[in-house]
Amino acid sequence: MKTIQNAFRIIVLTLLFMGTVNAWAQPGGRLRERIQEKKEQVKSQKVAFITQELRLTPDEAAKFWPIYNAFEDKQAEIRRQKLKAFMDRKDDDQLDKMTEKEAQTVLAQMETNEEELFKLRKKLIADLRGVLPALKIIKLRRAEEDFNRKLVEQLKGRRRN
């Protein structure tokens with residue numbers, strides 16, 4: 001009789017555990033989905049904003065967006081590497097314990113990341129020269145900055161509410 005009760009308890013506890021794990025897993029999954037949806041919304045807003053600001057013709061847009069999207073993907077990758085390197089050393093105690101040789105290595109890595117970002121921007125400009133007039137390429141930087149500024153203002157407004 002006790003064996004049956006113990007088996008029943010184990011089954012009930014296992015089911016409760018599985019239900020709890022499932023409940024914990026779902027919000028995280030939904031959170032990831034919501035984050036992905038927000039990223040996609042921001043991206044589509046950015047596409048619309050830049051297209052409008054640069055007054056891209058359909059032909060220009062068809063050639064521009066694949067180049068720009070590849071640039072953005074590579075830029076995000078470099079920034080992730082930069083952030084990871086920073087997060088690995090963010091603790092003040094780690095910085096205080098860092099040797100001069102380690103600091104030189106970190107500094108060289110920071111310089112390399114900045115150079116990569118600069119080269120990537122130069123490559124974008126070179127790639128766009130055959131696609132857009134020079135004036136639109138120049139306006140692109142301003143449009144990016146304006147979009148980012150508006151995005152930050154929106155986020156600040158949401159936090160206040």
Side-chain angles (χ1 to χ4, degrees), residues 21-98 100-161:
V21 168
N22 190 30
W24 284 339
Q26 285 183 353
R30 280 188 243 136
L31 178 61
R32 269 180 252 149
E33 287 174 14
R34 285 195 310 236
I35 290 171
Q36 187 60 35
E37 287 173 9
K38 288 292 181 187
K39 283 182 180 180
E40 289 172 12
Q41 284 177 347
V42 169
K43 186 167 179 71
S44 65
Q45 289 173 350
K46 187 173 186 176
V47 167
F49 185 85
I50 289 176
T51 299
Q52 181 181 350
E53 289 295 305
L54 299 184
R55 291 182 167 82
L56 296 177
T57 66
D59 185 49
E60 288 173 335
K63 294 174 185 172
F64 169 80
W65 285 110
I67 294 168
Y68 188 78
N69 289 335
F71 161 78
E72 288 244 301
D73 291 345
K74 183 64 177 167
Q75 180 176 258
E77 180 184 321
I78 293 169
R79 287 188 171 152
R80 271 191 298 276
Q81 291 170 356
K82 189 175 170 181
L83 181 62
K84 184 186 179 313
F86 173 76
M87 294 303 284
D88 289 346
R89 293 177 175 85
K90 72 176 179 162
D91 189 6
D92 286 338
D93 290 338
Q94 286 180 320
L95 289 176
D96 291 337
K97 293 176 185 175
M98 190 179 290
E100 183 63 22
K101 186 176 180 179
E102 290 171 329
Q104 291 291 342
T105 302
V106 170
L107 192 58
Q109 185 179 20
M110 290 169 57
E111 290 174 334
T112 299
N113 283 342
E114 291 302 320
E115 286 174 15
E116 285 182 50
L117 288 169
F118 177 73
K119 287 177 184 176
L120 186 62
R121 176 65 65 174
K122 281 183 74 169
K123 182 182 180 319
L124 172 68
I125 292 169
D127 291 347
L128 290 178
R129 284 182 190 247
V131 173
L132 297 177
L135 185 57
K136 287 186 179 185
I137 296 171
I138 293 168
K139 286 182 177 183
L140 171 62
R141 188 63 182 229
R142 186 179 68 198
E144 290 172 317
E145 291 169 358
D146 289 348
F147 178 80
N148 290 336
R149 192 173 13 263
K150 287 181 181 194
L151 188 61
V152 168
E153 288 171 8
Q154 282 180 354
L155 292 172
K156 283 182 183 178
R158 286 185 187 161
R159 287 186 182 145
R160 288 184 195 131
N161 296 331

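Numbers here are sequence positions counted from 1.
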| task | Starting at CG of L83, measure out to CD1 of I78 and round the result to the nearest 0.5 Å. | result | 14.0 Å
| query | Taking the side chain as C-beta and beyond, is there a heavy-atom pair between K150 and Q45 under 4.5 Å? | reply | no
| field | Interatomic distance, E114 atom CD to T112 atom OG1 [nearest 0.5 angstrom] | value | 10.0 Å
| Heavy-atom distance under 4.5 Å between the side chains of Q104 and E100, does that happen here? | yes
| query | Taking all non-hydrogen atoms of both residues, which atom of F64 and which atom of V131 are closest, and how far apart? | reply | N-CG1, 3.8 Å
| said: Evaluate F71 against R121 for side chain to side chain contact (heavy atoms under 4.5 Å, CB included), listing each step before the verdict. | reply: CA-CA 8 Å; F71 161 78; R121 176 65 65 174; 3.5 Å; yes
| query | Shortest non-hydrogen contact from P66 to A61? | reply | CD-O, 4.2 Å
| said: If you count heavy atoms of other groups shown closer than 6.0 angstrom to NZ of K63, is the number above 12? | reply: no
| message | Do K97 and E102 have side chains that approach each other closer than 4.5 Å (heavy atoms only, starting at C-beta)? | response | no
| message | A side-chain contact here means heavy atoms from C-beta on lying under 4.5 Å apart; do D146 and R142 qualify? | response | yes
| message | If I take atom CG from residue L117 and atom NZ from residue K119, how far apart are they, to the nearest 0.5 angstrom? | response | 11.5 Å
| message | Let's go through F118 and K122 carefully: what are the C-alpha distance in whole Å and the side-chain angles of both, what is the deciding distance for side chain to side chain contact (heavy atoms under 4.5 Å, CB included) to 0.1 Å, and is it a yes or a no? | response | CA-CA 6 Å; F118 177 73; K122 281 183 74 169; 3.3 Å; yes
| query | Under 6.0 Å from the CD atom of E145, do we count more than 12 heavy atoms belonging to anything else shown? | reply | yes
| Point-to-point distance, once rounded to the nearest 0.5 Å, from CD1 of I125 to CG of L132 | 11.5 Å
| field | Heavy-atom closest contact (Q75 atom, L120 atom, distance) | value | N-CD2, 3.4 Å
| task | Report the distance from atom CE of M110 to atom OG1 of T105, rounding to the nearest 0.5 Å. | result | 12.5 Å
| query | Among side-chain atoms of E37 and Q41, is any donor-acceptor pair under 3.5 angstrom? | reply | no
| Y68 versus E144: any side-chain heavy-atom pair under 4.5 Å? | yes
| query | Is there a side-chain contact between N113 and E116 (heavy atoms, below 4.5 Å)? | reply | yes
| request: Carefully, step by step, assess F147 and V47 under the rule side chain to side chain contact (heavy atoms under 4.5 Å, CB included). | output: CA-CA 10 Å; F147 178 80; V47 167; over 6 Å; no
| query | Would you say the side chain of L124 lies within less than 4.5 Å of the side chain of L140, judging by non-hydrogen atoms? | reply | yes
| I50 and A143: which non-hydrogen atoms are nearest, and at how many Å? | CG1-CB, 4.3 Å
| request: State, with a plain yes or no, whether a side-chain heavy atom of K74 is found less than 4.5 Å away from one of E77. | output: yes
| task | Output, in order, the C-alpha distance, side-chain angles, deciding distance and verdict of side chain to side chain contact (heavy atoms under 4.5 Å, CB included) for T51 and W65. | result | CA-CA 9 Å; T51 299; W65 285 110; 3.3 Å; yes
| message | Please check: side-chain N/O of E60 versus main-chain N/O of T57, any donor-acceptor pairing under 3.5 Å? | response | yes
| Taking only residues at least two apart or on different chains, which pairs with a member in residues 46-56 satisfy salt bridge (Lys or Arg N to Asp or Glu O under 4.0 Å)? | K46-E72
